[in-house]
Amino acid sequence: MEVPPAAFEDWLRSLDGFGAAGVLALHPVEGGASNVILRASLADAPLPAVLLRLQRERGIFEPYDVLREAAVLRRLHPSPVPVPRVVGEEADGAVLGAPFVVLEWVDAPHMGVAGPEASFSAYAAMVARIHALDWRALGLDEVLPVPDSAAAATSAELEVIAGRMERFPGADAPILRRALAILRERVPGGAPVGFCQGDINVFNYLFRGGEVAAVVDWEQARLGDTRNDVAQVLALGHLKGAPFGPVRDQFFLQAYEAARGEGELADMAFFRARWLFELGVIYHGWRAFNDDLPWYGWNHLEELLDLALAELP
């Protein structure tokens with residue numbers, strides 16, 4: 001999506017404090033797989049740069065809602081979780097071709113490239129901190145649907161993924177159909193409703209001085225079962241080469257439980273299988289909406305998902 005710098009500059013100047021702002025350049029931010037993300041370098045503005053997030057109509061995590069993401073960020077800003085400040089948002093798609101939000105640009109590398117700056121224990125501790133937030137006190141229940149239970153939320157999430165299966169060409173693969181049927185029958189209960197970031201992969205955790213400087217990308221934030229968040233990292237780790245084995249042996253799960261300090265999480269084999277299922281659907285969505293192949297292979301994903309489903313009682 002092409003964004004005319006002059007059009008963005010005109011809109012930006014309508015904000016308090018940005019009346020004389022100039023947009024020097026707009027550069028795509030690599031690594032985003034969903035909404036269009038641009039870094040805008042500014043002159044004569046309160047900030048040297050901002051991040052522009054434009055909402056996609058179709059994509060691997062559809063449906064999208066960048067305005068909801070901005071509302072979540074505004075409520076998280078006073079919390080102990082560091083997030084970018086919301087500069088402004090626009091619902092009128094005619095301005096730049098799609099609804100968009102503008103956030104403060106956090107000048108810090110993500111965990112995947114931060115090297116010695118990054119700390120795995122700090123990462124796990126920040127995820128645990130997110131899950132421990134009092135979401136009612138922050139007003140997140142004003143902008144996110146409140147499920148009847150964590151199990152009901154997981155069931156609803158499975159149906160959202162099932163809807164994508166119907167829309168993504170090739171996503172009706174037999175193993176994905178089988179996985180959906182099994183997962184629908186085995187949704188575990190017993191957990192309280194918590195606040196989930198929805199996408200806790202390392203690319204969304206920015207580091208500075210060994211600490212998390214900011215957590216970004218809240219488009220999938222929701223109220224539900226926080227074990228879904230933890231299992232995403234386990235599933236991604238296997239796709240990146242971590243051997244498949246008993247779920248309790250997985251290092252991130254152990255680090256998260258240590259940071260959380262409340263004992264072992266139950267039913268993690270289910271949630272690992274649930275995320276491998278979603279990543280199978282994402283594989284086909286990626287192929288539908290991008291010119292290149294996903295970074296992981298279908299055969300590997302299929303093998304892992306088969307192992308994960310066999311592990312379920």
Side-chain angles (χ1 to χ4, degrees), residues 1 3 5 7-56 64-92 95-96 98-114 117-118 122-123 126-127 129-130 133 138-140 143 195 197-221:
M1 181 183 296
V3 176
F8 179 54
E9 183 177 274
D10 287 345
W11 180 88
L12 194 63
R13 287 180 174 179
S14 69
L15 302 181
D16 289 343
F18 288 82
V23 176
L24 302 178
L26 290 171
H27 296 291
V29 177
E30 295 183 359
S34 298
N35 293 312
V36 178
I37 308 173
L38 303 170
R39 182 184 187 274
S41 301
L42 306 180
D44 301 319
L47 299 169
V50 293
L51 183 140
L52 171 61
R53 257 174 104 80
L54 292 106
Q55 181 171 300
R56 286 183 66 165
Y64 296 106
D65 188 343
V66 295
L67 301 183
R68 180 189 59 204
E69 181 179 8
V72 168
L73 285 169
R74 289 185 188 281
R75 284 159 177 78
L76 287 176
H77 194 262
S79 81
V81 175
V83 297
R85 181 171 63 87
V86 178
V87 175
E89 61 255 67
E90 179 57 65
D92 186 355
V95 176
L96 296 181
F100 62 89
V101 297
V102 178
L103 309 176
E104 113 183 78
W105 174 263
V106 180
D107 192 14
H110 65 69
M111 188 176 176
V113 298
E117 287 287 299
Y123 165 52
M126 184 57 67
V127 175
R129 183 182 299 177
I130 291 168
L133 289 174
L138 291 169
L140 288 163
V143 295
F195 177 58
Q197 184 188 351
D199 188 1
I200 67 164
N201 79 71
V202 297
F203 302 108
N204 293 331
Y205 286 69
L206 312 186
F207 272 82
R208 188 185 299 120
E211 298 295 333
V212 177
V215 182
V216 300
D217 195 349
W218 294 85
E219 68 186 359
Q220 295 298 309

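Across all non-hydrogen atoms, the minimal contact from Leu26 to Ala40 is CD2-CB, 3.4 Å. Residues Ala49 and Arg39 approach most closely at CB-NH2, 3.5 Å, considering heavy atoms. Shortest non-hydrogen contact noted between Phe207 and Ala122 is CE2-CB, 3.9 Å. Taking every heavy atom of both residues into account, Leu38 and Val3 meet most closely at CD1-CG2, 3.6 Å.
Checking side-chain atoms of Arg75 against main-chain N and O of Leu140 turns up no donor-acceptor pair under 3.5 Å. Arg208 contributes no side-chain N or O that, together with a main-chain N or O of Glu117, makes up a donor-acceptor pair within less than 3.5 Å. With hydrogens and angles disregarded, a donor-acceptor distance shorter than 3.5 Å links the side chain of Asn204 to the backbone of Asp199.
Here Tyr205 contributes atom OH and Gln197 contributes atom CD; the two are 4.0 Å apart, rounded to the nearest 0.5 Å. One finds the CD atom of Glu9 at 8.5 Å from the CG atom of Leu24 (value rounded to the nearest 0.5 Å). Put simply, CD on Gln55 and CG on Leu96 are 12.5 Å apart, with the number rounded to the nearest 0.5 Å. Atoms OH and CD, on Tyr123 and Glu211 in that order, are 15.5 Å from each other to the nearest 0.5 Å.
A salt bridge is defined here as a Lys NZ or Arg NE, NH1 or NH2 lying under 4.0 Å from an Asp or Glu carboxylate O, and Arg74 with Glu89 meets this definition. Electrostatic pairing of Arg13 and Asp44 does not count as a salt bridge here, judged by no charged N lying under 4.0 Å from a carboxylate O.
Two residues are said to be in side-chain contact when any heavy atoms from C-beta on lie closer than 4.5 Å; Val101 and Leu73 fail this criterion. In this structure, the side chains of Arg129 and Ser79 stay at 4.5 Å or more apart for every pair of heavy atoms. The side-chain heavy atoms of Phe18 and Val87, taken from C-beta on, include a pair separated by under 4.5 Å. No side-chain heavy atom of Pro99 sits under 4.5 Å from any side-chain heavy atom of Asp65. Between Val66 and Leu54, the closest side-chain pair of non-hydrogen atoms is not below 4.5 Å.
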Practice prompt. Would you sort out whether Phe203 and Asp217 count as a side chain to side chain contact (heavy atoms under 4.5 Å, CB included), showing the intermediate values?
Written response: CA-CA 9 Å; Phe203 302 108; Asp217 195 349; over 6 Å; no
Practice prompt. Could you go through the side chain to side chain contact (heavy atoms under 4.5 Å, CB included) check for Trp11 and Leu52 one step at a time?
Written response: CA-CA 12 Å; Trp11 180 88; Leu52 171 61; over 6 Å; no
Worksheet entry | Steps toward side chain to side chain contact (heavy atoms under 4.5 Å, CB included) verdict (Phe195, Val72) | CA-CA 11 Å; Phe195 177 58; Val72 168; 4.1 Å; yes
Worksheet item: Would Trp218 and Leu76 satisfy side chain to side chain contact (heavy atoms under 4.5 Å, CB included), going step by step from the backbone distance to the final call?
Response: CA-CA 10 Å; Trp218 294 85; Leu76 287 176; 3.7 Å; yes
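For Asp92, the CG atom sits in a packed shell: over 12 heavy atoms of surrounding residues, nucleotides or ligands are nearer than 6.0 Å.
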Would you tabulate the side-chain donor-acceptor contacts of residues 102-111 under 3.5 Å, counting partners in other chains and residues two or more places apart, or write 'none'?
from: Glu104; atom 1: OE1; to: Arg85; atom 2: N; distance (Å): 2.8
from: His110; atom 1: ND1; to: Gly112; atom 2: N; distance (Å): 2.9

